[in-house]
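Here is the structure we will look at.
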Amino acid sequence: MEKTSTLELEKSKVGVLLSKINHFLKNFKPWKNPKFWSRLGIILLLFTTVISGGITIYISSLDISKLQTPLAQPSYLYDQKGNRISQLSSSRIEPVTGQQIPLIMKNAIIAVEDRRYYEHKGVDLRSISRALYRDVITGDFSEGGSTITQQLAKNLFLASDKTLARKLKEAAYALKIEAVLDKEEILEAYLNQIYFGEGRWGLQNATQLYFAKDADELTLEESALLAGLLKAPTIYSPLNNKQKSLERRNLVLSLMKEQNYITLAEYEKAIVQPIVLKKGSLSDLSGQYAPYVDYVIEEAINRIGFTEEQILNGGLQIYTQMDPAVQEAAENVYEESHYFPEGKDDQIVQSGVVILDHKTGGIRGLVGYRGERVYRGLNHSTQLERQPGSALKPLSVYAPALEKGYTPNTMVSDHPLNINGYSPKDYDNQNRGYITMQEAVRNSWNIPAVWLLNEIGIESGVDFAKRCEIPLEKEDHTLSLALGGLSKGVTPLQMAQAYGVFANLGNMHKAHAISKITTKEGTVLFQVQPEVVQVTTPSVAYMMTLMLQEVVKNGTGENAYLDRPTAGKTGSVELPHTQEFSGISKGVKDVWFVGYTPELTAAVWMGYDNTDRNHYLTTSGGSEPAVVFHEILSRALIATPVVPFEIPEEYIEQNELSNKVYKWFQENFPPLESDKDQFGNGAKSKGKDKDKDKDKNR
């Protein structure tokens, strides 16, 4: 009974409450209260203010700094004659300024893409309302209606998905852009960023591709064609469908006439014009002369102090010492594998070559690798340091000996040698007794070089090498310097620069690729200052040239011989005397040829990046390196007149009297047969015939 009474009581309470609520609702008519409308107005105003404030804050928070950052300007490289040879850029765009964009081009874009461009503030409510209505009806949000500003926002800041959220963001970005940039700045940014088909972004690239000209040279018909591409670059491409492209161009022309951008006469004249393209005449310089360009970047960063960002995006004009004939000769030879030792499946024989104008130090050509290019990868011609072997002998032994009064005819010892436990051997394990210094150089005998360095003093060799800017460590101040046994090594660039001393009568010019760097407007940012050092006398340099000519004519460097005066020296570096290479009798680690003509000096290196028991050479500096030297210089100098090496007045004066005395002595005191044997003159000819094939490739 108690439970039933409780339930009935609760039901009665609920009934009363419901009755009161019902009564309240029946009598609730707030709109009849004058205060209601004022309160509702305040609420709506607050709501609108909050929403507007939120939208304003959101739009203000959008980051459009990318638009205000200057577009990356490509840098250009020029050869020694001032011809543009290559382009450097990290951007797909070559921007143009608003002043470089013809008014007719701007009008064509506005006519077809956004006829109310100068009337709206980034979002054309009339167009976008119409487009949104159609999008809602179709459900695929494919309708247009975006302004030029919105298209710019979409291209730079948003994904290309077709959603309502993206369109709202697009509108927000457009409003922010219009608040920061004026109409001309927006139009300039749009034309620099938009896609014109065929992989070309921006007006300048498109103009060059389709018409082989710059943007500021566009005609009315060309402007209309480019403007018509934007809706569907593939469909309206004049390269793929000239008829559709023509129809689209004429539609743009009609819109321009309709909107009073052109007169009726201009329209009628333009629509009858055929589409005239110059496809293929565009010279895309990106990637041209890549081996040389890689070193230019290296030099600009490491020696001059520019950053990679400045070089790639700063619009720099970089004037170089490159000679296209020399560079192309080097690149072509390096693409022909038969000039190089055969490598292994897992590792090719690498190489590097540098060709200098020794009269200025200008690097005329350079290749720093074989095989596929790796951007700013290891440059074997300027960064790789390897022992130079016998190629160092002229710098560490023979030139300093000439400075001390020795001559090419001075006798040196090729007897068995042991100096404090150091016992060098000639590569044929023979001994020839006393021979001339000329013969020792010509055949690259080791014992005479070590013997002579010991005679003149190790520090004399060190001093001359350092004057030639050959980097030496303390550990290199030993007799092994005579044979190029350096603890660290040298680069082909350093060797070419050093040999330029002999070619340039004792003067060394600092090797360099860059002559000058300016801004796009011509302001000079860097100008090379000539760096010339007199390393030795003209007479010593010329005597060294005479000896090195014999190396090429009749010695180990015969494969380098050109049909013009040529001098040079071979170099081969034995495998390290370690357990890993035990049992290998004929193997070398590095091979070199360094040589010069009256016009150019070149250094060639070959070897494996990683030498081990399965990767070593069985050749010599007189083989492939000498052949590569021959091939490059013969091609590079094919149109250059043949001239002799310059004979310095100093040498003529010094040798005039001695030549007369020598001639008188020869006429009055002919050598005895025993003297010939003692000094090796008679034995020389016999030995040369016997060992010529073996000797010429050392």
Side-chain angles (χ1 to χ4, degrees), residues 73-89 283 285-331 352-368 376 379 381-383 469 491-494 496-501 503-504 507-534 596-603 632 636-637 640:
Q73 298 278 346
S75 294
Y76 290 100
L77 275 69
Y78 300 82
D79 66 15
Q80 59 169 335
K81 294 183 178 179
N83 300 312
R84 187 178 285 187
I85 56 171
S86 192
Q87 175 180 323
L88 290 171
S89 179
S283 178
L285 297 175
S286 299
Q288 292 291 307
Y289 304 114
Y292 196 96
V293 170
D294 281 352
Y295 178 68
V296 169
I297 297 173
E298 178 186 330
E299 187 173 288
I301 293 173
N302 297 331
R303 288 178 55 176
I304 301 176
F306 285 88
T307 65
E308 187 170 11
E309 174 71 17
Q310 288 174 312
I311 296 166
L312 295 180
N313 300 320
L316 302 178
Q317 311 300 298
I318 305 174
Y319 295 85
T320 77
Q321 290 284 325
M322 196 195 84
D323 182 339
V326 177
Q327 181 65 24
E328 288 170 13
E331 288 189 32
V353 62
V354 176
I355 307 103
L356 299 178
D357 178 351
H358 43 255
K359 294 183 177 66
T360 65
I363 300 176
R364 295 290 187 246
L366 175 154
V367 179
R376 296 196 65 198
N379 190 325
S381 60
T382 64
Q383 296 175 323
E469 295 195 5
T491 68
L493 178 60
Q494 290 167 334
Q497 179 179 268
Y499 268 63
V501 171
N504 198 40
N507 292 319
M508 182 179 71
H509 289 268
K510 185 73 173 180
H512 61 282
I514 300 173
S515 303
K516 180 175 67 173
I517 299 178
T518 73
T519 64
K520 192 174 183 179
E521 295 71 31
T523 302
V524 177
L525 303 176
F526 167 79
Q527 180 84 49
V528 70
Q529 299 300 319
E531 295 182 54
V532 57
V533 177
Q534 183 174 355
Y596 52 94
T597 68
E599 301 82 12
L600 298 171
T601 298
I632 292 175
L637 297 172
T640 304

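Side-chain atoms are counted along with the backbone in the values below, which use heavy atoms only and exclude waters and symmetry mates.
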(Q) Could you check whether any side-chain heavy atom of N379 comes within less than 4.5 Å of a side-chain heavy atom of L366, counting everything from C-beta outward? (A) yes
Q: Measure the shortest side-chain to side-chain distance between Q87 and Q288 over non-hydrogen atoms and say whether it is less than 4.5 angstrom.
A: no
**Q.** Within-4.5 Å side-chain heavy-atom neighbours: E531 and H512
**A.** no
Q: On the 0 to 90° scale, with breaks at 30° and 60°, tag the Y319-Y78 ring pair as parallel, tilted or perpendicular.
A: parallel
Q) Roughly how far, to the nearest 0.5 Å, is the CD atom of Q321 from the OG1 atom of T360? A) 5.0 Å
Q. Do you know which two heavy atoms are closest between S381 and T491, and how far apart they sit?
A. O-CB, 4.0 Å
**Q.** Distance in Å, I363 CD1 paired with L356 CG, rounded so as to fall on 0.5 Å steps
**A.** 6.0 Å
Q | side chain to side chain donor-acceptor pair (under 3.5 Å) between T640 and E599, worked out | A | CA-CA 9 Å; T640 304; E599 301 82 12; over 6 Å; no
Q | Pairs flagged by ring pair (Phe, Tyr, Trp, His ring centres under 6.0 Å) wherever residues 291-314 is involved - sequence neighbours left out | A | none
Q: Locate the shortest heavy-atom distance separating A636 from A329; write the atom from each residue and the value.
A: N-CB, 4.0 Å
**Q.** Validation row: E308, I301 side chains within 4.5 angstrom (heavy atoms)
**A.** yes
Q. What is the distance from atom CD1 of I297 to atom CG of L77, rounded to the nearest 0.5 Å?
A. 8.0 Å
(Q) Please determine whether side chain to side chain contact (heavy atoms under 4.5 Å, CB included) holds for the pair V353 and V367, giving the CA-CA distance in whole Å, both sets of side-chain angles, and the decisive distance to 0.1 Å. (A) CA-CA 5 Å; V353 62; V367 179; 3.9 Å; yes
Q. Which distance, rounded to the nearest 0.5 Å, do you find between the CD of Q80 and the CD of Q327?
A. 12.0 Å
Q) Is there side-chain contact between I85 and T320, with heavy atoms separated by less than 4.5 Å? A) yes
Q) Taking atom OG of S75 and atom CG of L316, what is their separation to the nearest 0.5 Å? A) 4.0 Å
Q | Residue pair E469 / M508: nearest heavy atoms and the distance that separates them | A | CG-CE, 3.6 Å
(Q) As a test of understanding, state which of D323, V326, I632 forms a side chain to side chain contact (heavy atoms under 4.5 Å, CB included) with L600. (A) V326
(Q) If we ignore hydrogens and angles and just use 3.5 Å, is the side chain of Q317 paired with the main-chain N or O of G315 as donor and acceptor? (A) yes
(Q) When you measure from the side chain of D79 to the backbone of N83, do you find a donor-acceptor pair of N or O atoms at a distance under 3.5 Å? (A) yes
Q | Whether H358 side chain and N507 backbone form a donor-acceptor pair below 3.5 Å | A | no
Q: Can you measure from CD (E299) to CG (D294) and round to the nearest 0.5 angstrom?
A: 13.0 Å
Between side-chain atoms of residues 520-530 and protein atoms elsewhere (two or more places apart, or another chain), which donor-acceptor pairs fall under 3.5 Å?
| unit_1 | atom_1 | unit_2 | atom_2 | d |
| --- | --- | --- | --- | --- |
| K520 | NZ | Q73 | OE1 | 3.2 |
| Q529 | NE2 | Q527 | O | 3.4 |

Q | Donor-acceptor contact present, side-chain T601 to main-chain A496, <3.5 Å | A | no
